[in-house]
Amino acid sequence: MNRDEAQRLLDATTLRPQDGDAEARALAETDPVLKQWLAQRTAFDERVAEAFGAIPAPARAPQDLLRAMQAEAAKVRPSPLKGPWPWLALAAMLLLTVYPATLLFNAFGPQANDWQGEALAKVMLIQKGVMRLEHEAPRIETLRPLLAQVGALSPGDMPSVLLRTKTFGCRVIQVAGQPATVICFDIGSGEEAHLVVMNHSHARQLPSQAQPLLASRDGWSTASWTDGTRHYMLVTTAGAKKLMKLLA
Amino acid sequence: MHALALPFNIAIDPPRMRSSAAQTCVAVPDFSQLVADHYTGLHRFAQSLCRRQGLAEDLVQQTFLQWARKGQTLRDTSKAKTWLYTTLYREWLGIARREQKHEQVEFEPDLHGAADEPAEEPRVDAATLQQALEQLDENYRAPLVLFYLRELSYRDIAETLGVPIGTVMSRLSRAKDALRKLLLQSGQLPPSES
């Protein structure tokens, strides 16, 4: 820091030394010219500040200012739901009432838990190429050992048509906090089908492969079943007819 | 020094009497405390900007009413003082713009004499100072008034006026030099201590 820089900093803080720059003050201690200039400037500023304080100005606010402020504040007084705390309290209340109800509904209700919806959302991402396949192979028998290597679920008994259908590959996804395997099939005409294999502990009761539960959801045809240890969901956008053929 | 006889006591530097802990208190200052602490300082600042008593009062009141409406949204309540001065200054800029009386004129040292250091120290009293301040361009008067109020640091002054810190420092330095010249040119005798 040179003298000019120190002078500018010191000049801005003569009346508020607490805001001053330590380096500039140290320089003023060792530079006699700067020290003398600072002493004169500070004396001048002190006198001006004193005179400035003597310029007539009202010492107190008008009586009605506070009343006007109170009235103004009342106009914009926040509603009971303004600010974060009321909303947090409301959210907590909803959590305490709705979440247990949801758990009960999932456990015993007709929809069971929505692992299928979550799995389907991820399958959509895979089909769109947003989520990439981890392993690529044209046959499911090639994919099995790859899945076994990473400890992923592999399908057990499968419909014979599906077993012969060409595959693109597979990847492991997380559904309801648990790993699930997705195997992607090339069913011709540029269309795909996807088989989700999931541990049964997080799924509701499903029928057997012989009588899969068929459904339609968001433009997807789905078929769900269980083999007793795993749950399966086969999905496609190619329509219910093609889905049924795969289940033969 | 011949100080003017005043009918009331003016707290020259009320904030310095408060502790730094009080200044960083997180509680929103109540209206009466806020008004008591800042009314006079804001009024001096407003008066220096508009030079009209009635308008200065209006500016200050408008500033406090703005606080009543919006002050509760201020996250850092230690910034209440800067908020008030900034709001008042913006109010004034709006009025000045409408009245087309606020000119963005850059400082011209020739108008105020050269910046060489004079040998003698100028006499300073309230009346002379007020006249000298009124001769300064507003770009220099505003930071200078805020500086002599001692309410704000130069960083806060920069924030209040919406200009860079370096600009505030330059303007303060040049404005002080110009003020000193003007006070000397007022023709009064130097003070006894010089």
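Lettering follows sequence order; numbering is per chain, from 1.
Listed here is the closest heavy atom pair of A/Arg8 and B/Gly166: NH1-O, 3.3 Å. Nearest heavy atom pair, residue A/Gly53 against residue B/Arg44, reads O-NH2, 2.8 Å. Taking each heavy atom of B/Leu152 and A/Arg16 in turn, the nearest pair found is O-CD, 3.4 Å. The two atoms that bring A/Val48 and B/Leu179 nearest to each other are CG1-CD2, 4.0 Å, heavy atoms only. The shortest heavy-atom contact between B/Met169 and A/Ala12 is CG-CB, 4.0 Å. Considering every non-hydrogen atom in both B/Leu65 and A/Glu72, the closest pair reads O-CG, 3.8 Å.
Between A/Asp45 and B/Arg150, every side-chain heavy-atom pair lies at or beyond the 4.5 Å cut-off. At least one side-chain heavy atom of A/Phe52 sits under 4.5 Å from a side-chain heavy atom of B/Leu133. Between A/Met69 and B/Val35 the shortest side-chain heavy-atom distance falls below 4.5 Å.
Partners of A/Tyr232 under the ring-ring contact (aromatic ring centres under 6.0 Å, His included) rule, at least two apart in sequence or in another chain, are A/Trp225. Listed by chain and residue number, nothing satisfies the ring-ring contact (aromatic ring centres under 6.0 Å, His included) test with B/Phe147 (two or more places apart in sequence, or in another chain).
For B/Val60, no part sits under 4.5 Å from any heavy atom of chain A, backbone or side chain. With a 4.5 angstrom heavy-atom cutoff, B/Ser48 does not touch chain A via any of its atoms. For chain A, the nearby parts of B/Gln61 are the backbone and the side chain; heavy atoms of each come within less than 4.5 Å.
One distance of note links OG of B/Ser173 with CZ of A/Arg41; it measures 5.0 Å at 0.5 Å rounding. Rounding to the nearest 0.5 Å gives a distance of 14.5 Å between CZ of B/Phe31 and CZ of A/Arg67. Between A/Leu15 atom CG and B/Ser153 atom OG the span is 12.5 Å, to the nearest 0.5 Å.
Using a 3.5 Å distance cut-off with no hydrogens or angles, the side chains of A/Asp19 and B/Tyr154 do not pair a donor with an acceptor.
Around the CZ atom of A/Arg25, the shell of radius 6.0 Å holds more than 12 heavy atoms that belong to other residues, nucleotides or ligands. Around CZ of B/Arg51, the count of heavy atoms belonging to other residues, nucleotides or ligands within 6.0 Å exceeds 12. Remark: B/Glu134 CD is packed, more than 12 non-hydrogen atoms of other residues, nucleotides or ligands lying under 6.0 Å away.
Of the options B/Arg174, B/Lys176, B/Arg171, a salt bridge (charged side-chain N to carboxylate O under 4.0 Å, His left out) to A/Asp11 is made by B/Lys176 and by none of the others.
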